[in-house]
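Worksheet for the structure shown next.
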There are 2 protein chains.
Amino acid sequence: MSEIKYLNALSVDCVIFGFDEGELKALLIKRKEEPSSGMWALPGGFVEPTESLDNAAMRVLSELTSIPDMYMEQVYTFGGVNRYPLGRVISVSYYALVKISDYKIQATSKIEDVAWLPLSEIKELVFDHKEILQKALSTLKERVKFHPVGFELLPEKFTLTQLQNLYEVILGVLLDKRNFRKKLLGMDLIIKLDESQIGVAHRAARFFKFDPERYKEWLAQGFNFKL
Amino acid sequence: MSEIKYLNALSVDCVIFGFDEGELKALLIKRKEEPSSGMWALPGGFVEPTESLDNAAMRVLSELTSIPDMYMEQVYTFGGVNRYPLGRVISVSYYALVKISDYKIQATSKIEDVAWLPLSEIKELVFDHKEILQKALSTLKERVKFHPVGFELLPEKFTLTQLQNLYEVILGVLLDKRNFRKKLLGMDLIIKLDESQIGVAHRAARFFKFDPERYKEWLAQGFNFKL
DNA sequence: GCAAAAGTGTTTCATTTACACCCATGT
DNA sequence: ACATGGGTGTAAATGAAACACTTTTGC
């Protein structure tokens with residue numbers, strides 16, 4: 001560790017998750033440049049010598065979206081020798097959770113196309129990006145079992161059915177409606193609002209919001225989120 | 001991502017955990033070179049352009065110990081701009097679990113001293129290594145709750161009291177002896193041997209070993225290790 | 001009035017917790 | 001015989017799982 005010996009290229013790649021139409025989606029870009037022009041890829045970029053990894057990840061996100069302070073977490077660092085075809089590049093991966101309704105694209109010149117793709121429809125990505133996506137998803141799954149981060153994916157006001165649906169999609173299981181509601185209401189984490197859906201062709205659902213105080217507590221200490 | 005733009009120095013740092021005399025310990029080296037000569041540090045080294053991150057971590061371990069195939073897992077990547085005083089170095093951290101009885105030092109010329117230090121006695125480490133150690137420990141804590149990795153720290157044959165003691169030390173809680181035994185024996189994970197302690201000034205404890213088949217199952221699927 | 005989703009309690013079962021005494025061995 | 005840790009079971013409480021019908025709204 002005394003003399004700096006080798007230099008390596010270092011990138012960050014971000015898996016940006018959103019929840020929309022009952023599906024979990026990722027924000028992908030279609031590459032405009034070689035290698036692998038025309039394929040879908042995770043948003044990413046090289047780490048500049050003067051920025052921390054977290055800052056690099058935030059920069060990548062803000063070049064693409066205009067969302068302030070979204071939830072973001074480092075996932076894993078991929079360092080296979082041949083993961084990138086043009087030379088050795090190590091990738092530090094992050095995932096971010098965004099309220100998809102807040103989302104606004106800021107297209108940049110390098111990018112041909114940007115889209116929210118449902119995870120179920122993502123077949124192939126450039127390089128090892130599919131593997132990075134899988135790892136981010138499994139990290140999210142683990143995280144969501146014990147910390148209330150799933151809420152970052154919902155709008156400010158949401159119904160209990162939306163919330164249940166979100167957990168079902170992330171965890172890949174079906175949950176019992178009554179047990180789910182019992183558990184969540186018992187956690188004192190959400191607050192019932194005086195507002196309901198309008199214009200729906202069935203009984204209107206109540207909206208809820210999070211109690212930010214309790215949210216912070218649960219986020220720090222974790223819980224046993226067995227539903 | 002198309003042209004490789006910036007180069008960064010990249011190191012791996014390893015937190016090597018061992019369990020001995022009822023304590024959790026880490027294998028540290030005393031630096032012989034500047035900067036911070038004479039201070040304790042995590043074993044680490046620069047990542048060579050031709051090796052994967054995992055290989056770099058294994059190389060660091062094998063330069064120090066002669067243990068084949070120990071349990072190893074990536075923890076986190078530290079990329080603060082000023083974490084290393086002589087220039088920008090990003091550190092990918094790993095933790096390893098070793099059966100301390102197997103351990104044999106292979107001193108190298110650069111190292112002044114190598115020692116197993118109990119975590120409770122580790123006050124200060126070079127650079128941000130203390131932070132890396134903390135992160136590795138909290139990752140281990142999380143891991144051990146749902147996967148049977150703690151067993152990697154024990155010798156082939158162990159007593160239930162040793163096992164309980166290990167969990168108590170890692171998790172930082174006291175466990176009930178009867179409940180602990182009930183749970184573990186019910187998991188079908190350990191096998192009672194026909195061998196007991198000898199020469200102890202009290203009733204001799206039975207030795208147990210792991211069932212490697214079940215061990216692999218539990219390792220893959222995880223469990224809810226609420227003790 | 002019909003379709004579609006919202007909302008609501010109770011019982012059963014499994015898991016977790018709390019708890020205290022006798023046993024084997026070396027000195 | 002005494003000190004030291006090994007080994008064992010039961011009851012109470014908590015948490016999870018299973019389960020079906022009524023309500024509200026738009027068409």
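Lettering follows sequence order; numbering is per chain, from 1.
The CG atom of A/L175 sits 14 Å away from the C1' atom of D/dA18 (whole-angstrom rounding). In this structure, A/R178 atom CZ and D/dA18 atom C1' are separated by 8 Å, rounded to whole Å. For the pair A/Q197 CD and D/dG26 C1', the computed distance is 13 Å after rounding to whole Å. Following rounding to the nearest Å, A/I198 (CD1) and C/dA5 (P) show an atom-to-atom distance of 18 Å. Atom-to-atom, CZ of A/R181 to C1' of D/dC21 comes out at 15 Å; the value is rounded to the nearest Å. The CZ atom of A/F180 sits 18 Å away from the P atom of D/dG15 (whole-angstrom rounding). For A/N165 and C/dA6, the CG to C1' distance is 14 Å, given to the nearest whole Å. Atom P of nucleotide D/dG9 and atom CG of B/D176 are separated by 14 Å, given to the nearest angstrom.
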Restricting both atoms to N or O, compile the protein contacts to nucleotides 10-15 of chain C shorter than 3.5 Å, with distance only.
unit_1, atom_1, unit_2, atom_2, d
C/dT10, O4, A/K182, NZ, 3.0

What protein N or O atoms touch nucleotides 22-25 of chain C N or O atoms at under 3.5 angstrom, if any, and at what distances?
unit_1, atom_1, unit_2, atom_2, d
C/dC23, O4', B/R203, NH1, 3.4
C/dA24, N3, B/R203, N, 2.9
C/dT25, O4', B/H202, O, 3.4
C/dT25, O2, B/A201, O, 3.3
C/dT25, O2, B/H202, N, 3.3

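Between the side chain of B/E168 and the backbone N or O of B/L175 there is at least one donor-acceptor pair closer than 3.5 Å.
Among the heavy atoms of the strands lying under 4.0 Å from B/R206 are primed sugar atoms or P, OP1, OP2 only; no base atom is included. At the heavy-atom level, A/T161 lies under 4.0 Å from the strands shown only through sugar-phosphate atoms.
Sorted by first and then second residue, the pairs that involve residues 125-140 of chain B and meet salt bridge (Lys or Arg N to Asp or Glu O under 4.0 Å), not counting sequence neighbours, are B/R83-B/D128.
Between the side chains of A/S91 and A/D13, a donor-acceptor pair is found at a separation under 3.5 Å.
Checked against side-chain hydrogen bond (donor to acceptor under 3.5 Å, both in side chains), B/K157 has the following partners two or more places apart in sequence or in another chain: B/E195. The side-chain hydrogen bond (donor to acceptor under 3.5 Å, both in side chains) check on B/R143 picks up B/Y71, with sequence neighbours excluded. A search for side-chain contact (heavy atoms from CB on, under 4.5 Å) contacts involving B/E142 returns B/K145, not counting sequence neighbours. For B/K182, the side-chain hydrogen bond (donor to acceptor under 3.5 Å, both in side chains) test picks out B/N179, with sequence neighbours left out. Partners of A/D54 under the salt bridge (charged side-chain N to carboxylate O under 4.0 Å, His left out) rule, at least two apart in sequence or in another chain, do not exist in this structure.
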Output a table of donor-acceptor pairs, distance under 3.5 Å, between side-chain atoms of residues 203-215 of chain B and any protein atom two or more places apart or on a different chain; print 'none' if there are none.
unit_1, atom_1, unit_2, atom_2, d
B/R206, NH1, B/L193, O, 2.9
B/D211, OD1, B/E213, N, 3.0
B/D211, OD1, B/R214, N, 3.4
B/R214, NH2, B/D188, OD2, 3.3
B/Y215, OH, B/E152, OE2, 2.3

